[in-house]
Undergrad: 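Please find one structure pasted underneath; my questions will follow.
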Amino acid sequence: WISTGPKTAAFEKKFAEMLHVDHAVALSNCTVSLHLALKLTGVKSGDEVICPSLTFVATVNSIRYVVAVPVFADVTSYENPTIDPEDILKKITPKTKAVVVMHYGGFACDMDRIMEIAKTYNLKVIEDACNGPLAEYKGKKLCTIGDIGCFSFFSNKNISTGEGGMLITNNQEYADRCKLLRSHGMTSMSYDRAKGHSTAYDVIELGYNYRMDDIHSSIGLAQLDKIEADLVKRSEIRKAYIDQLKGIEGIIIPFENYTDFSSNYIFPIVLQHSTFEKRDKVREQLAEAGIQTSVHYPAVHRFLIYKDFYSELPVTDYLVDNLITLPMYSKLTSENIQFIAATLKEVLSNG
Ligand SMILES: *Cc1c(COP(=O)(O)O)cnc(C)c1O
């Protein structure tokens with residue numbers, strides 16, 4: 001059996017065990033996981049959903065899939081580029097139904113404050129932890145604190161199945177309905193029928209084909225065996241980076257004094273007193289030295305399709321123009337890190 005079957009069930013079981021959560025439902029990617037999360041929590045046309053702009057566009061697109069209105073909140077600071085709970089508070093209206101938070105780089109949002117606000121205003125909380133499998137907030141795994149958590153197994157994530165996603169929750173009703181919605185709203189799956197477990201099915205909701213198959217799940221199972229060691233390596237690399245970069249003037253290292261366990265999905269730095277022209281110049285010079293960099297992320301609120309959802313987000317605006325994501329992967333050596341730090345120092349002192 002190569003579409004959704006026993007390997008997918010095994011992948012879900014193992015993922016749920018590793019995250020200490022009751023239910024994990026494997027899906028074809030994280031974007032559809034976010035779509036279903038919004039559907040499951042009852043977000044409907046015209047409802048407002050508060051979200052960050054400093055995220056990958058899928059976090060926000062999924063809000064549009066249910067024809068809800070994304071309301072962008074700023075991030076806290078250059079040192080902590082996760083959604084600012086106080087800005088969430090300011091953006092709440094009678095129409096607000098949910099908050100989608102994104103654990104930037106595998107570093108947790110201020111979940112205590114966010115859950116407190118959500119409780120007061122009766123809001124659902126969806127966690128996008130595409131950047132943070134196994135990362136923690138005060139001893140709890142990310143994505144197990146709000147109502148629903150969503151993961152991606154795209155090629156560039158901590159765990160990859162090529163394409164893939166997972167929705168996790170402690171809510172039995174959400175999990176059951178998620179399984180229904182991922183497979184056309186059908187009451188039984190082909191695998192059950194082939195095994196003689198059931199012969200007929202009904203279609204009781206307008207569902208989708210959002211399934212993960214057993215080929216991808218087999219890759220996922222193998223990846224889960226490797227992730228813990230990989231995350232330990234990444235923690236060491238982060239430490240080495242901080243040691244090397246600490247003395248360099250003109251940069252901020254976000255989450256520098258962070259103490260919870262992180263997945264270290266990326267290693268971002270922020271240039272101080274800078275502009276996007278300056279930042280791009282630095283990136284070019286690093287590229288010339290053979291150092292590949294990236295920017296996580298372009299601001300979603302500045303994309304053409306979101307121009308009608310504009311919000312003033314000064315911290316996000318500065319960050320997206322002045323962030324640089326340095327190389328981060330478990331095979332990075334201490335020589336690599338020394339070279340990157342020395343090159344960066346030289347580039348900055350020339351500029
Ligand atoms: C990758 C990513 C997504 C989308 O995941 P897919 O599996 O590619 O659909 C959503 N949000 C964030 C923060 C991501 O990094």
Side-chain angles (χ1 to χ4, degrees), residues 8 11-12 15 24-39 49-66 70 72-73 75 80-83 98-109 111 114 125-135 137 142-143 146 148-168 178 181-182 208-213 215-217 219-220 223 227 234 254-255 262-268 294-301 303 305-306 316 319-320 323 325 328-329:
T8 303
F11 183 37
E12 289 169 335
F15 198 83
V25 183
L27 300 166
S28 33
N29 56 64
C30 178
T31 306
V32 303
S33 169
L34 289 160
H35 178 199
L36 292 187
L38 289 154
K39 262 189 99 78
V49 179
I50 299 173
C51 61
S53 168
L54 186 64
T55 183
F56 181 60
V57 67
T59 316
V60 188
N61 284 349
S62 60
I63 298 169
R64 297 298 295 145
Y65 297 162
V66 294
F72 294 109
V75 291
N80 175 9
T82 62
I83 194 164
V99 182
V100 181
V101 302
M102 198 279 277
H103 299 295
Y104 183 93
F107 298 92
C109 301
M111 291 310 288
I114 290 166
V125 176
I126 296 163
E127 295 175 70
D128 176 343
C130 284
N131 294 352
L134 295 181
Y137 173 77
L142 300 188
C143 271
I148 293 179
C150 302
F151 290 96
S152 170
F153 310 128
F154 182 67
S155 323
N156 63 8
K157 307 293 156 113
N158 289 94
I159 315 172
S160 179
T161 59
E163 297 275 2
M166 192 75 84
L167 182 149
I168 68 170
C178 184
L181 288 174
R182 80 170 165 184
Y208 307 87
N209 180 353
Y210 282 177
R211 295 180 303 250
M212 177 179 280
D213 61 48
I215 304 169
H216 289 82
S217 297
I219 299 171
Q223 293 263 301
I227 185 170
R234 281 170 182 264
F255 311 106
S262 169
S263 58
N264 288 294
Y265 172 57
I266 51 173
F267 189 85
S294 184
V295 174
H296 290 83
Y297 294 86
V300 176
H301 75 288
F303 288 138
I305 66 158
Y306 286 108
T316 298
L319 280 173
V320 297
L323 268 165
T325 309
M328 167 55 88
Y329 49 92

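Numbering of ligands and ligand atoms starts at 1, following listing order.
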Undergrad: Phe255: what forms a ring-ring contact (aromatic ring centres under 6.0 Å, His included) with it, not counting sequence neighbours?
TA: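 Applying ring-ring contact (aromatic ring centres under 6.0 Å, His included) to Phe255 gives Phe107, Tyr258.
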Undergrad: Do you see a donor-acceptor pair shorter than 3.5 Å between the side chains of His301 and Ser53?
TA: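 Distance-only check passes for His301 and Ser53.
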Undergrad: Name all residues meeting the salt bridge (Lys or Arg N to Asp or Glu O under 4.0 Å) criterion together with Arg211; count only those two or more places apart in sequence or in a different chain, and write none if there are none.
TA: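 Expected list: none.
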Undergrad: Can you work out which protein residues put a heavy atom within less than 4.0 Å of ligand 1?
TA: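 Answer by chain and number: Asn29, Cys30, Thr31, Thr55, Phe56, Ala58, Thr59, Met102, Asp128, Cys130, Asn131, Ser152, Phe154, Lys157, Gly164, Tyr297.
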Undergrad: Once side chain to side chain contact (heavy atoms under 4.5 Å, CB included) is applied, do any residues pair with Ala73, and if so which ones, sequence neighbours excluded?
TA: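 With neighbours one apart ignored, the set is Ile50, Ile83, Asp87, Ile88.
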Undergrad: Less than 3.5 Å apart, any donor N or O on the side chain of His103 or Glu127 sitting next to an acceptor on the other?
TA: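 Yes, side-chain donor-acceptor contact under 3.5 Å.
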Undergrad: Can you give me the closest heavy-atom contact between Phe267 and Met328, atom names plus distance?
TA: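 Result for this residue pair: N-CB, 4.0 Å.
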